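In what follows, a single structure is set out as structure tokens and then discussed.
The sequence lines fix the lettering, A, B, ..., with proteins before strands; numbering per chain opens at 1. Computed from a predicted model, the values in this text were never measured in an experiment.
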Amino acid sequence: MNKVMFFAHLRDAVGEEEVIVEAAGKTVAQLKVEIVETYGLQKMDTVMTAINEEFAGNKEIIQDGDVIAFIPPVSGG
Amino acid sequence: MNKVMFFAHLRDAVGEEEVIVEAAGKTVAQLKVEIVETYGLQKMDTVMTAINEEFAGNKEIIQDGDVIAFIPPVSGG
Amino acid sequence: MNYELSKEAINIQSVIDKVVERDAGAITTFIGTVRELTHGKKTLYLVYEAYEAMAVKKLAQIGREIEERWSGAKVAITHRVGRLDITDIAVVIAVSTPHRADAYEANRYAIERIKEIVPIWKKEHWEDGEEWIGNQKETVAYPKGQPEEKDLHE
Amino acid sequence: MNYELSKEAINIQSVIDKVVERDAGAITTFIGTVRELTHGKKTLYLVYEAYEAMAVKKLAQIGREIEERWSGAKVAITHRVGRLDITDIAVVIAVSTPHRADAYEANRYAIERIKEIVPIWKKEHWEDGEEWIGNQKETVAYPKGQPEEKDLHE
């Protein structure tokens with residue numbers, strides 16, 4: 001099982017702070033497609049991904065237990 | 001009459017914080033030569049001059065009542 | 001504790017105190033405050049939200065990058081989260097270095113990196129609405145779903 | 001009172017407070033502290049001396065130069081005089097600007113100008129002696145007895 005976290009406008013669009021999904025073996029890109037379809041999002045091209053609090057590329061394969069966070073363009077500072 | 005002020009190592013070399021001289025009509029350069037001779041200083045090439053708290057060039061002519069300050073290379077900050 | 005998020009007002013002096021060094025002659029700080037007008041639009045207040053655990057890690061990564069790049073540098077960063085009013089302090093970055101040119105450059109590097117890789121978001125509230133602000137640097141997005149390679153690893 | 005000499009310890013926050021603006025999003029500070037080691041030599045303490053009236057004028061001149069060059073900038077500078085121990089603060093420069101790049105550049109400009117035109121001198125005291133420090137910028141001297149033309153007039 002994997003926890004998937006959403007932030008900022010992405011959380012507003014999804015309507016959830018986090019969800020639990022079964023993503024082991026999938027790539028980040030595959031999970032993104034699923035999320036876009038499930039929640040009717042427009043696209044996630046500008047959204048970065050973190051696995052276990054480190055940035056991860058679209059090709060990275062998710063392991064069981066990994067915590068996934070989708071990170072819209074940041075605006076701190 | 002003119003007040004002439006010395007600072008930092010120049011004051012140590014001269015042995016006075018300030019002296020009163022008659023410098024009206026002289027250029028800054030002429031006054032420097034006199035000071036070097038009077039106090040046995042090596043040279044004043046690196047020393048800036050202020051007249052009435054504003055920097056002044058060697059060619060500037062001193063007026064009666066002007067306050068002259070000799071300003072060695074600064075080291076604030 | 002040199003890298004923190006704070007729900008309370010940031011005390012500038014306490015951030016500076018973390019980087020004071022007997023052999024550092026120069027300390028720069030950057031203090032980001034909430035501005036009333038942006039592109040002529042009047043902000044009422046802001047809310048900052050963070051992915052807290054990762055944000056602290058990324059602030060620490062920026063500190064390490066600076067210490068590698070500018071010899072002898074020490075860094076402390078505190079970023080506010082929650083609601084902020086006009087002129088409130090959003091972020092304080094303190095950098096000490098032996099020589100002053102480095103203190104400016106390293107500090108500038110820190111704020112630019114915060115705007116690239118630290119998961120903190122700002123929601124602006126105006127009289128007629130509110131919006132999450134993103135892509136402040138107005139660069140292109142991340143077509144590969146990630147920042148550049150250098151950002152991936154600590 | 002944005003340009004001051006101080007015989008007492010400088011309160012950083014009070015210098016920053018002078019430049020806080022509702023429309024300025026960025027404040028930089030430069031804090032110059034007394035370093036223990038310079039070129040491997042151990043400083044015990046320093047004494048700063050100033051031509052006080054002129055020094056305050058020249059600090060104000062630097063502020064005006066910055067406000068002309070960087071639109072919307074606000075500047076405050078306090079320089080300490082008298083005896084300072086290791087890690088004591090010698091100078092605090094605070095600059096606020098609407099945009100952050102300017103706040104770094106304008107602040108850097110201020111410290112460089114202080115080292116050129118403000119009549120303040122530092123005497124270093126070591127275990128084996130003392131010396132007035134000058135020509136920190138290691139530029140050539142002033143063969144004409146003055147800084148460059150631009151420095152002459154406010």
Which atoms of [X] are under 4.5 Å from chain C, going by heavy atoms: the side chain, the backbone, both sets, or neither?
| X | result |
| --- | --- |
| D:I86 | side chain |
| D:A26 | both |
| D:A90 | neither |
| D:N11 | neither |
| D:V34 | backbone |

Review point. Who wins among C:L37, C:D23, C:I89, C:V92 for the most heavy-atom pairs under 4.5 Å with chain D?
Key: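 Among the listed options, the one with the most contacts to chain D is C:D23.
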Practice item. Looking only at non-hydrogen atoms, find the nearest pair between D:R108 and C:A101 and report the distance. Key: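 Minimum heavy-atom contact is NH2-CB, 3.6 Å.
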**Study point:** CZ-CZ distance between C:R35 and D:R22, expressed to the nearest 0.5 angstrom
**Key:**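 CZ of D:R22 is found 13.5 Å from CZ of C:R35.
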**Study point:** Point-to-point distance, once rounded to the nearest 0.5 Å, from CG of D:D17 to OG1 of C:T87
**Key:**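 Reported value, rounded in 0.5 Å steps: 10.0 Å.
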Practice item. Check whether any side-chain N or O of C:Y104 sits under 3.5 Å from a backbone N or O of D:N107 as a donor-acceptor pair, and report yes or no. Key: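 Yes; judged by distance alone, with no hydrogens or angles, the pair exists.
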Check your understanding: Between D:E112 and C:R100, does at least one N-O distance fall below 4.0 Å, as a salt bridge requires?
Key ->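 Yes, this pair counts.
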Point to revise | Option in D:I16, D:T38, D:T33, D:V20 with maximal non-hydrogen atom pairs under 4.5 Å from chain C | key: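 Greatest number of close heavy-atom pairs with chain C: D:T33.
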Practice item. Just give me the residue among D:A94, D:G32, D:A103, D:A24 that pairs up with chain C most often, heavy atom to heavy atom, under 4.5 Å. Key: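 Among the listed options, the one with the most contacts to chain C is D:A24.
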Exercise for review: Please lay out, stage by stage, how C:T29 and D:T28 fare under the test side chain to side chain contact (heavy atoms under 4.5 Å, CB included).
Suggested key: CA-CA 5 Å; C:T29 69; D:T28 53; 5.9 Å; no
